[in-house]
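Reminder, nothing fancy here: chain letters follow the sequence lines and each chain counts from 1.
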Amino acid sequence: MRWSNALIPTQKESPTDAVAPSHILLLRAGMIRQLGAGAYSYLPLGMRVLHKAAKIVRDEMDAAGALELLMPALQPVEIWQESGRHGHMGGILMEFTLGADRHVVLGPTHEEAVTDIVRDLIKSYRQLPVTLYQIQTKFRNEPRPRFGILRTREFVMKDAYSFGANLEQLNAAYDTMYEAYCRIFDRCGFPYVAVEAESGPIGGDSSHEFMVPCATGEDVVVQCVESGYAANRERAEIGKIAWPAPSVADAPPFVAVPTPGRKTIQEVCKFLKTPENQTAKLLVFLADGQPVAALIRGDHEANEGKIRRAFKATVLEPADQAAVEKATGAPMGFLGPVGIKIPMVIDQSVAAMPAVVVGGNAMDVHLTGVVPGRDFPLDHVGDFRNAVEGDPCPRSGLAMTVGQGIEIGHVFKLGTKYSDAMGATFLDDKGLSHSLIMGCYGIGVNRILAAAVEASHDENGIIWPLNLAPYDVIVVPLQLQNEAVMQLADGLAKDFEAAGLDVLIDDREGRPGVKFKDADLIGIPLRIVIGERGLKEGTVEVKWRTDSAAHNVAAATAGETILAEVVAAREALATKAAERRAARAAARSGEQ
RNA sequence: CGGGGCGUAGCGCAGCCUGGUAGCGCGCCUGCCUUGGGAGCAGGAGGUCGUGGGUUCGAAUCCCGCCGCCCCGACCA
């Protein structure tokens with residue numbers, strides 16, 4: 001491809017709107033263009049990357065035995081009513097009416113559509129297990145699209161759905177998809193980590209998210225380097241924190257102090273000149289409608305999932321002011337554990353404090369010097385908060401780290417939620433009817449682009465991984481009017497293309513600096529510069545985007561020399577991927 | 001949905017306070033010149049100043065409404 005025909009509108013300056021590195025660089029490199037909030041066009045260069053990402057995904061899905069199909073984005077609302085999800089999608093469902101009364105939705109995901117197919121077409125255990133997948137555009141009315149293509153209202157997703165006759169088949173499909181995801185992200189060259197995520201109805205380790213660590217990521221990942229434990233903060237467990245028996249003997253009794261108008265932890269701490277980690281907050285929730293409380297250290301965040309499970313509730317929601325006062329008799333902002341009547345769980349970090357500042361359960365009063373175990377009972381102590389940096393790992397007990405990440409994939413054991421709701425059943429070998437057991441597996445294909453740029457760029461631009469780059473090599477002739485230069489450039493380009501490489505020739509008029517800057521910006525892995533100066537010495541210049549310096553090779557044999565370098569680079573990638581596969585296999589057999 | 005910010009040429013911005021011919025840089029077109037890290041000179045094209053109303057002899061500028069976009073937060077089956 002010649003640059004002069006390629007529509008690559010690079011820009012020197014970035015729009016002020018863009019904040020995230022991936023957003024800035026994809027715009028500046030002429031790969032994407034915004035049409036509206038959360039709606040982006042993929043320009044030819046960006047489209048090539050999207051295709052490469054999709055091809056890797058498709059290759060590995062096919063290799064894993066999944067069958068590709070294509071389902072419509074436009075769906076009748078009835079299947080959503082049937083599954084029970086209509087009205088429970090938190091406003092992300094895009095719905096409208098066609099004509100007078102045909103009510104339709106744009107699919108945010110396809111459990112309903114695929115279950116509708118399978119309930120009619122799969123009736124026998126002989127047809128199982130089966131995994132179906134598609135690469136297709138999803139629509140979600142995100143309340144706040146952001147960071148360029150990282151979170152959009154319309155995006156390309158690979159979604160796969162497995163159907164099995166029993167748990168063994170589900171687990172096998174899950175493991176197969178998990179391994180396929182690892183291979184996909186290895187091929188993308190990502191420094192990803194698979195983390196435990198909020199689990200579904202089956203429990204256990206039935207859900208994993210694949211994260212690429214980066215500061216722009218919207219998810220928080222908790223990890224232990226020693227044990228390999230990694231989890232989404234929503235899910236991450238915290239190891240045991242010991243708490244001593246209360247030293248009733250030498251501790252003075254607690255004191256009620258006036259704290260007029262100080263409701264938040266920050267206000268109280270500032271007023272009493274107390275650090276936040278010496279206070280505790282009592283949070284009141286409705287667990288399936290019943291008021292319950294959780295006592296969390298002032299500087300910590302409650303984890304609603306952990307609290308919900310502690311009360312064995314299906315739904316846990318924060319109580320509003322009226323419900324709080326009705327349940328505790330105390331005003332919001334001055335709640336505390338002393339004398340509280342409703343069921344209460346206590347985070348282990350609070351139990352471990354010798355004395356604590358808490359609300360006084362009366363207007364404008366807080367209590368100081370409250371001793372856990374003496375002034376309120378430590379009956380239900382446990383792990384009820386989000387992990388923070390340095391918390392002990394649940395496996396090794398060593399300090400864990402906390403970092404941000406971009407979620408690029410998610411594997412999930414669904415069970416029979418949709419097959420039950422929509423009547424997707426099969427007959428077993430005894431003629432008995434059962435619900436199909438499902439799993440679902442998603443990859444955000446455009447997020448692969450965003451994650452790649454976030455994880456791999458420098459001050460000059462994008463550094464595409466070899467397998468995602470829109471072109472493998474850019475050939476840069478410096479003097480267009482010099483025949484020897486142009487002949488060599490065209491000849492090399494032909495050689496590379498014949499060897500199966502994607503080649504871009506920068507045939508634009510203009511000074512070398514412009515071409516070098518653009519080549520760096522759009523992030524092509526390999527740059528070949530052909531100029532009069534080098535030709536005099538009989539050399540052309542080779543520079544890898546990942547290297548800081550260029551090197552010269554003999555012009556006469558440049559084609560084969562450079563192709564050998566490409567082959568070596570690809571082999572190095574493949575070797576690395578193979579090592580990772582072997583490490584995973586070893587870890588799996590170690591577990592058994 | 002709450003808080004904050006911004007809408008003037010493809011991109012980055014000035015002009016607005018104090019109303020009076022719409023400007024600068026980049027990019028684009030023509031020519032000259034230059035050619036190993038975003039050169040230089042000359043000439044040119046391109047804007048209903050987000051939108052609707054109001055005030056005024058006159059509105060990019062002042063007032064009111066609406067729309068759009070970005071950031072923080074809430075939300076994220």
Side-chain angles (χ1 to χ4, degrees), chain A residues 7-20 23-24 27-30 33-40 43 80 83-93 105 107-112 138-148 150-153 155 159 197-198 200-201 207 209 216-220 232 234 301 304-305 315 317-318 407 410 412 414 417-418 421 440 442 444 459-461 476-482 485 506 508-522 527-537 539-541 543 548-550 552:
Chain A
L7 188 58
I8 305 173
T10 57
Q11 288 172 355
K12 255 197 261 189
E13 289 172 298
S14 54
T16 32
D17 279 353
V19 183
H23 190 193
I24 293 171
L27 282 171
R28 285 193 51 211
R33 185 181 160 88
Q34 184 176 30
L35 184 60
Y40 284 82
L43 300 179
W80 289 84
S83 73
R85 282 209 287 185
H86 185 247
H88 296 279
M89 295 295 288
I92 69 161
L93 199 59
V105 309
T109 171
H110 283 240
E111 281 83 1
E112 282 81 358
K138 299 284 181 277
F139 296 86
R140 295 184 186 182
N141 188 17
E142 292 289 348
R144 183 141 104 78
R146 59 183 133 182
F147 300 145
L150 209 51
R151 179 169 291 274
T152 53
R153 294 210 167 106
F155 57 96
D159 46 327
E198 267 303 321
S207 174
E209 290 166 343
T216 312
E218 297 181 286
D219 289 274
V220 179
N232 191 308
E234 291 170 3
E301 275 174 26
E304 293 188 16
V315 179
E317 52 187 348
E407 181 190 345
H410 195 169
F412 202 94
L414 277 175
K417 178 178 173 183
Y418 297 94
C440 67
E459 66 281 1
N460 293 316
V476 186
L478 293 184
Q479 294 84 18
L480 300 189
Q481 68 290 347
N482 180 315
V485 167
D506 192 348
R508 295 174 299 173
E509 293 286 350
R511 297 165 63 86
V514 175
K515 299 184 172 195
F516 296 153
K517 287 286 185 190
D518 271 348
D520 285 349
L521 178 60
I522 68 174
R527 188 187 77 193
I528 311 300
V529 176
I530 299 151
E532 287 172 345
R533 204 175 75 186
L535 282 196
K536 257 183 216 156
E537 316 287 323
T539 63
V540 301
E541 181 197 275
K543 180 174 180 303
S548 53
N552 291 327

Discussion item. As a quick check of understanding, evaluate side chain to side chain contact (heavy atoms under 4.5 Å, CB included) for A/Glu218 and A/Glu407, giving each step before the final call.
Written reply: CA-CA 8 Å; A/Glu218 297 181 286; A/Glu407 181 190 345; over 6 Å; no
Worksheet item: What integer number of Å spans the P atoms of B/G58 and B/C72?
Response: 45 Å
Discussion item. I need the CZ-C1' distance between A/Phe147 and B/C76, as an integer number of Å.
Written reply: 14 Å
Discussion item. With a 3.5 Å limit on both atom pairs, tell me what B/C24 is paired to, counting Watson-Crick and G-U wobble, or say none.
Written reply: B/G12
Worksheet item: Given B/G37, B/G73, B/G38, which nucleotide is nearest the side-chain atoms of A/Asp518?
Response: B/G38
Discussion item. Quick check: on RNA chain B, is the nucleotide nearest A/Glu304 upstream (toward 5') of the one nearest A/Lys543, or the reverse? Name the residue that is more 5'.
Written reply: A/Lys543
Discussion item. I need the minimum non-hydrogen distance between A/Lys138 and A/Pro108, along with the two atoms involved.
Written reply: CD-O, 3.5 Å
Practice prompt. Measure the spacing between CZ of A/Phe516 and CG of A/Asp506 and express it to the nearest 0.5 Å.
Written response: 9.5 Å
Discussion item. So for A/Arg527 and B/G37, does any side-chain atom that can act as donor or acceptor lie under 3.5 Å from a complementary atom in the base?
Written reply: yes
Practice prompt. Scan every strand shown for a Watson-Crick or G-U wobble partner of B/G46, both distances under 3.5 Å, and answer none if you come up empty.
Written response: none
Worksheet entry | Heavy-atom donor-acceptor pair, A/Gln11 side-chain to B/G12 base, under 3.5 Å | no
Worksheet entry | Atom-pair distance (CZ on A/Arg146; C1' on B/C72), nearest Å | 9 Å
Discussion item. If you assign each of A/Ala20 and A/His88 to its closest nucleotide in RNA chain B, which residue comes earlier from the 5' end?
Written reply: A/Ala20
Item to complete: Considering only atom C1', compute the distance from B/C62 to B/U56 and round it to an integer number of Å.
Response: 10 Å
Discussion item. What contact category does A/Gln34 fall into here, base, sugar-phosphate, or nothing, at under 4.0 angstrom with non-hydrogen atoms?
Written reply: sugar-phosphate
Item to complete: Using a heavy-atom cut-off of under 4.0 Å over every strand shown, decide if A/Pro15 touches base, sugar-phosphate, or nothing.
Response: sugar-phosphate
Worksheet item: Looking only at atom P, what distance separates B/G15 and B/C75, rounded to whole Å?
Response: 40 Å
Fill in: Candidate pair A/Asp518 and A/Arg508, rule side chain to side chain contact (heavy atoms under 4.5 Å, CB included), full reasoning
CA-CA 11 Å; A/Asp518 271 348; A/Arg508 295 174 299 173; 3.0 Å; yes
Item to complete: Please round to the nearest 0.5 Å and tell me the distance separating atom OG1 of A/Thr152 and atom CZ of A/Phe147.
Response: 13.5 Å
Worksheet item: CG of A/Asp159 versus P of B/A77: gap in Å, rounded?
Response: 16 Å
Worksheet item: Roughly, in whole Å, what's the span from CZ in A/Arg151 to C1' in B/G73?
Response: 14 Å
Fill in: Residue A/Arg140, side-chain heavy atoms: nucleotide from B/U35, B/A77, B/C70 that is nearest
B/A77
Discussion item. Counting distance alone, no hydrogens or angles: does the base of B/G2 have a donor or acceptor under 3.5 Å from a partner atom on the side chain of A/Arg144?
Written reply: no
Worksheet item: If you measure from the C1' atom in B/G7 to the same atom in B/U51, how many Å do you get, rounded?
Response: 11 Å
Fill in: Nearest-angstrom distance from the residue atom CD of A/Glu218 to C1' of B/C76
9 Å
Worksheet entry | Rounded interatomic separation in angstrom, taking CG from A/Leu150 and C1' from B/C76 | 13 Å
Worksheet entry | Distance in angstrom units between A/Asp219 CG and B/C75 C1', rounded | 13 Å
Worksheet entry | C1' atoms of B/A77 and B/G12, separation to the nearest Å | 41 Å
Worksheet item: With both distances under 3.5 angstrom, what nucleotide forms a Watson-Crick or G-U wobble pair with B/G2?
Response: B/C72
Discussion item. Would you measure the distance from the P atom in B/G3 across to the matching atom in B/C17 and give it in whole Å?
Written reply: 28 Å
Worksheet entry | Under 3.5 Å on both distances, the Watson-Crick or G-U partner of B/U56 | none
Item to complete: May I ask you to say whether A/Arg85 pairs ionically with A/Glu111, meaning some side-chain N is under 4.0 Å from a carboxylate O?
Response: yes
Practice prompt. Mind calculating the distance between CD1 (A/Ile24) and P (B/G12) to the nearest angstrom?
Written response: 12 Å
Item to complete: Would you name the heavy atoms of A/Ser14 and A/Ile24 that are closest together and state the gap between them?
Response: CB-CG2, 3.5 Å
Worksheet item: What's the closest nucleotide to the A/Pro143 side chain, out of B/U34, B/G12, B/C75?
Response: B/C75
Worksheet item: Do we get A/Arg140 above A/Phe155's six-membered ring, with its NZ or CZ under 6.0 Å from the centre and within 45° of the axis?
Response: no
Practice prompt. Determine the interatomic distance between C1' on B/U8 and the same-named atom on B/C13; round to the nearest Å.
Written response: 10 Å
Discussion item. Just N and O in the side chain of A/Thr16: are any of them under 4.0 Å from OP1 or OP2 of B/C13?
Written reply: yes
Worksheet item: What does B/U61 pair with, Watson-Crick or G-U, if both distances are under 3.5 Å?
Response: none
Discussion item. Mind checking if A/Gly510 touches a base, just sugar-phosphate, or nothing, with heavy atoms under 4.0 Å?
Written reply: base
Worksheet item: Out of B/U35, B/A77, B/G38, which nucleotide sits closest to the side chain of A/Gln479?
Response: B/U35
Worksheet item: Which base, if any, makes a Watson-Crick or G-U wobble pair with B/G40, both distances under 3.5 Å?
Response: B/C32
Discussion item. It should be established whether A/Arg85 places a side-chain nitrogen or oxygen under 4.0 Å from OP1 or OP2 of nucleotide B/A77.
Written reply: no
Worksheet item: With rounding to whole Å, what would you report as the distance between B/G46 and B/C6 at their C1' atoms?
Response: 24 Å
Worksheet item: Which part of the nucleic acid, if any, lies within contact of A/Val19, taking any heavy atom under 4.0 Å across all strands shown: a base, the sugar-phosphate backbone alone, or nothing?
Response: sugar-phosphate
Item to complete: May I ask you to say what A/Tyr418 touches in the nucleic acid, namely base, sugar-phosphate or nothing, with a heavy-atom cut-off under 4.0 Å?
Response: nothing
